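So you know, we letter chains A, B, ... as the sequences are listed, proteins then strands, and number each from 1. Keep in mind that what you see is a predicted model, and the values were worked out from it rather than measured. Just so you know, these numbers use all the heavy atoms, side chains as well, and skip hydrogens, waters and symmetry mates.
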Amino acid sequence: MPVFYGTEIQSRLMLGTAQYPSPAILADAFRRSKAGIATVSVRRESGSEQAGQAFWDLIKELDVALLPNTAGCHSVREAVTTAHMARELFDTKWIKLEVIGHADTLQPDIFGLAEAARILTEDGFQVFPYCTEDLVLCEKLLDVGCEVLMPWGAPIGTGLGLNNIYGLRTLRGHFPDVPLVVDAGLGVPSQAAQAIEMGYDAVLLNTAVAKAGDPAAWRKALPWQWRRVPWPKKQIRWSHAIWRRLQRPLSERRSCDELAPFLSGL
Amino acid sequence: MKIVVNGEKVEVTATQLDAILIELGHGEAKVATALNEEFVPATMRADTALEAGDRLEIVAPRQGG
């Protein structure tokens, strides 16, 4: 099982907590999937609504490791400050570092990412960088102190799967001892299984499960593939249903960023 | 004085960050803060004075991917 910064996690599945139809379905997805890590975020809080407090009560009950992200940050400074706020809120050194470089595709700003990773590592964080599969970038991230890499399979929320098999295999070959996680772009269970079969240590899913309609379908589908057993027809039907639900316009796939810190509202 | 809280202009009477959080309704809530894009730890709120026009971010745990 994967070991991240000295902590062994008893699952190869990491789950995001965004976009579920209800808190109950979110909790059910975690219970049924047995995911070992939940990604979470920080967002602007209103004193009158206090929406974050209810979410905090919910995730405390999940009994999984928490990996806060810096989603919505478009600069090194925003990402570093957000990471510090997340460390205080969630009481963890772990940070899933996102520095977004392109508003439509949410593609990482790889230059800002390397710089923010260096700063945060020096500040005592244990950085999980959301990166592309670029070998040189990944070498740089390791050089500045990252001990985990999280390359995308495809742009966030697209469900396109592993767009660059060669690049992902290259990372696995060059960094045999570094925990590698495919983050973003996975749409159906077979794509997640493909990543594991390529030797990746874990996958991080969010949209594909949250929008699946039946998160339990993932639980039923994944073990078959991860044991390399051919899929029964039922699993194939579930996968097609999940895939169809992901076919949405790009504008609808963007992260819900209206509450991201540092956006100018004036 | 007028400050900018989470991107919106807000009138507050308190000047210290811990008192401003109470005035804005956060009380004992689980929030983190940044002042003019710099993180302010919870332990420093009582020692942090704001001035008119300062930009304050108040964030809380939320769903994320």
Check: Which atoms of Ala51(A) come close to chain B, meaning under 4.5 Å heavy atom to heavy atom: side chain ones, backbone ones, both, or neither?
Finding: both
Check: In chain order, what residues pass the side-chain hydrogen bond (donor to acceptor under 3.5 Å, both in side chains) check against Arg118(A), with sequence neighbours excluded?
Finding: Glu115(A), Glu122(A)
Check: Okay, side chain of Glu37(B), backbone of Glu78(A): is any donor-acceptor separation there less than 3.5 Å?
Finding: no
Next item on the list: Before accepting this row, confirm whether a basic side-chain N of the pair Glu38(B)/Arg77(A) lies closer than 4.0 Å to the acidic partner's carboxylate O.
Entry: yes
Next item on the list: Between chain B and each of Leu26(A), Leu67(A), Leu89(A), count heavy-atom pairs under 4.5 Å; write down the option with the most.
Entry: Leu89(A)
Next item on the list: Go through Thr81(A), Asp183(A), Leu15(A) and name the one with the most non-hydrogen pairs under 4.5 angstrom from chain B.
Entry: Thr81(A)
Next item on the list: Identify which of Leu204(A), Thr82(A), Thr39(A) forms the greatest number of heavy-atom pairs closer than 4.5 Å to chain B.
Entry: Thr39(A)
Next item on the list: Answer yes or no: are there more than 12 heavy-atom neighbours, outside Glu28(B) itself, under 6.0 Å from its atom CD?
Entry: no
Notebook entry, point to check: Under 3.5 Å, is there a donor-acceptor pair between the side chain of Asn6(B) and the main chain of Ser46(A)?
Noted result: no
Check: How far apart are the C-alpha atoms of Met85(A) and Val31(B), what are their side-chain angles, what is the distance that settles it, and do they pass the side chain to side chain contact (heavy atoms under 4.5 Å, CB included) test?
Finding: CA-CA 8 Å; Met85(A) 293 194 288; Val31(B) 294; over 6 Å; no
Check: Taking Glu45(A), Arg87(A), Lys96(A), Met14(A) one by one, which has the highest count of heavy-atom pairs under 4.5 Å against chain B?
Finding: Glu45(A)
Notebook entry, point to check: Looking only at atom types and distance, does a side-chain atom of Lys30(B) sit under 3.5 Å from a main-chain N or O of Trp56(A), one as donor and one as acceptor?
Noted result: no
Next item on the list: Would you list the pairs meeting ring-ring contact (aromatic ring centres under 6.0 Å, His included) in which at least one residue belongs to residues 27-65 of chain B, sequence neighbours left out?
Entry: His84(A)-Phe39(B)
Notebook entry, point to check: Taking non-hydrogen atoms and a cut-off under 4.5 angstrom, which of residues 17-27 of chain B neighbour chain A?
Noted result: Leu24(B), Gly25(B), His26(B)
Margin query: Are there residues of residues 58-65 of chain B whose heavy atoms fall under 4.5 Å of chain A's heavy atoms? If so, which?
Written below: Ile58(B), Val59(B), Ala60(B), Pro61(B), Arg62(B), Gln63(B), Gly64(B), Gly65(B)
Margin query: Out of Ala54(A), Gly52(A), Ser48(A), return the one with the most heavy atom pairs under 4.5 angstrom to chain B.
Written below: Gly52(A)
